[in-house]
Amino acid sequence: MRRPVALRLNAALATLAVAAATGVVLSMPEAASAAATGSATGYATQNGGTTGGAGGTTVRATTGTAIHTALCNRATSSTPITIQVEGTINHGNTAKVSGNSCNTAAGVIELKQISNVTLVGVGSGAVFDQLGIHIRESSNIIIQNVTVKNVKKSGSPTSNGGDAIGMESDVRNVWVDHTTLEASGGESEGYDGLFDMKDNTQYVTLSYSTLRNSGRGGLVGSSETELSNGYITYHHNLYENIDSRAPLLRGGIAHIYNNYYVKLNESGINSRAGARAKVDNNYFKDSKDVLGTFYTDAAGYWQVSGNTFDNVTWSAKGSENNPAGPDPKSNTTVSIPYSYSLDNASCVPAIVGATAGANKGLKVSDGSCSPTTPTPTPDPTDPTPDPTDPTEPGGTNLSIGAGSDGSSKASGSSYGNVRDGDMSTYWSPAGSTGSISIKWGTATSVSKVNIREASGSTGTIGSWRLVNGDTGAVLTSGTGAGAVTVPKTSLKKITFEITGSSGTPKVAEFETYAG
């Protein structure tokens, strides 16, 4: 029987639809389907909720440097943005980028002193290879549908202190969903935690994720006296082949439900230093000491209900070990402020197996042990909420008959060639970077742009910015030519600024549309 708890989380608390988000939509069918997302759950819905980059622009990134560039090209450090990531992100393609709206570093994805950001894997997938994601002094962050693997704190290369995803220093409202976090050993092999929170990190949810093959699953609080963290939800996650810290809790409150634990080799949920954990309808299999206070005499507490213990062994109690089993009983009560539904523990292995991890189609439980794909809720601020935005925008190309100018042009090319409707002619900058503009005599509303490269040069354009020529404001940024959507803006001049390329860019057409 399904356990009767509260109704499912009200989706209105944190509406998010990456595929229909206002802003750049790089028109790739697989990106639209992969970016479909539901809403935040658990403690991430509290304290004002977690919506990430909803309502802002959407850009595409295939390198770590491009991720940093997208953050740095925003108008402010809180301007909403969704960054769609595809491909392998590694040390070789992740450089520090500077700007007034970012604080980045080489060799790590740095989400520092910023807010209102979504990082989502799309297309064939996003893999952060030996490169960690570091969230510091930031709020309202969503990380979804990505794999982070083999991040080291010792050996070479190192990144993010060895944490796959690490949060510290006044972090608020983070939702990490449908991720795969994995290592290839423990501390002696150079690895640390997969999902760590410390130094005043609060209101975080980890959902539908896979954590595996690591000595340490993750912690909340860096020491027995560092007790400023809490309000963390873990649900529908797979912990597989983890030695300990699944998770380690120091102080604060955690809600841990409908997770599947397989092969916890030394210990599992380690509640200590006054932490209180509500542990509901989880399935523990082939594991040891899955719940209790371990390796300390600083007691922690738990409220248990509906869990299944399948081939679980328990140590004897000692001065620094207080296992909850072999017959776990509650020793505290925890009040949960949000609504949620519990799957029966008996179906947790099946439902978690079908939904947890990256590249699972973002499927979730329907609350009755069956996987389902959430339907995106269109952003009410999106003027074009259709996620199947065509590669070729419809309507009148406003560039034909307009004017144009730009930076120095290469010999044999012309500014006017980008607005003549002829794909056989093109403009090219004098070097590998430059800018080209479309301009009108009176203010013209633009919401879509299509940059079309000349034959033989497809894929040459790398990073770019789209700029309001009247004000200098960056409308959006990204990598690669194609069709993009921006919030409808009335302007007399719009500029496509190429900031990086793999050769000599050739822009055959700079098309503009009202939407």
Side-chain angles (χ1 to χ4, degrees), residues 5-6 8-11 13-16 18 35-47 49-52 118-121 133 135 140-148 164-165 167 173-182 194-197 201-212 217-218 220 231-240 246-247 253-261 269 277-283 336-343 347-367 369-374 376:
V5 191
R8 297 276 300 169
L9 171 68
N10 185 348
L13 287 172
T15 300
L16 174 65
V18 172
T37 175
S39 300
T41 55
Y43 273 115
T45 66
Q46 304 299 290
N47 191 46
T50 304
T51 56
T118 293
L119 198 66
V120 57
I133 300 175
I135 305 172
N140 195 24
I141 306 293
I142 294 174
I143 300 173
Q144 190 173 52
N145 201 41
V146 303
T147 294
V148 187
I165 296 178
M167 290 161 266
N173 291 87
V174 177
W175 179 35
V176 178
D177 178 64
H178 283 92
T179 62
T180 296
L181 311 178
E182 57 189 7
L194 296 177
F195 192 70
D196 280 10
M197 290 160 275
T201 294
Q202 298 180 0
Y203 300 104
V204 176
T205 295
L206 176 67
S207 58
Y208 296 101
S209 292
T210 293
L211 296 85
R212 63 188 174 205
V220 179
Y231 308 116
I232 317 298
T233 300
Y234 304 82
H235 74 89
H236 292 93
N237 301 299
L238 169 64
Y239 285 79
E240 183 177 20
I253 292 174
H255 188 198
I256 302 171
Y257 71 92
N258 282 152
N259 300 287
Y260 184 31
Y261 297 92
I269 301 168
K278 184 170 172 59
V279 183
D280 295 328
N281 289 34
N282 301 280
Y283 196 106
I336 301 301
Y338 50 82
S339 299
Y340 62 100
S341 289
L342 286 175
D343 290 314
C347 75
V348 162
I351 191 63
V352 169
T355 59
N359 304 316
K360 288 289 188 74
L362 299 177
K363 292 181 180 180
V364 300
S365 172
D366 66 353
C369 298
S370 297
T372 185
T373 301

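All residue numbers refer to positions in the sequence shown, counting from 1.
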Residue pair [X] / [Y], side-chain heavy-atom distance below 4.5 Å:
X: P247; Y: I256; answer: yes
X: T233; Y: Y340; answer: no
X: V146; Y: V120; answer: no

Hey, what do you get for CD1 (I232) to OG1 (T205), rounding to the nearest 0.5 Å?
->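 If I round to the nearest 0.5 Å, the distance is 8.0 Å.
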Separation between CD1 of I269 and OH of Y239, rounded to the nearest 0.5 Å =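 Reported to 0.5 Å precision, the distance equals 8.0 Å.
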Any side-chain donor-acceptor pair under 3.5 Å between H236 and T355?
->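 There is no such pair (donor and acceptor under 3.5 Å, judged by atom type) between the side chains of H236 and T355.
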Hey, can you tell me if Y208 and H178 have their rings parallel, tilted or perpendicular (30° and 60° cut-offs)?
->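 It falls in the parallel class, under 30°.
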With sequence neighbours left out, write down each residue that passes side-chain hydrogen bond (donor to acceptor under 3.5 Å, both in side chains) with N173, or none if nothing qualifies.
->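 N173 satisfies side-chain hydrogen bond (donor to acceptor under 3.5 Å, both in side chains) with N47, T50 once adjacent residues are dropped.
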Give me the one residue out of L362, T179, V176 that meets side chain to side chain contact (heavy atoms under 4.5 Å, CB included) with Q144.
->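 When L362, T179, V176 are each tested with Q144, the side chain to side chain contact (heavy atoms under 4.5 Å, CB included) holds only for L362.
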Backbone N or O of [Y] within a donor-acceptor pair of the [X] side chain at under 3.5 Å?
X: D280; Y: L342; result: no
X: T180; Y: T147; result: no
X: N259; Y: Y234; result: yes
X: N258; Y: N282; result: no

Salt bridge (charged side-chain N to carboxylate O under 4.0 Å, His left out) against E240, all qualifying residues, sequence neighbours excluded =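 If we apply the salt bridge (charged side-chain N to carboxylate O under 4.0 Å, His left out) test to E240, skipping adjacent residues, there are no hits.
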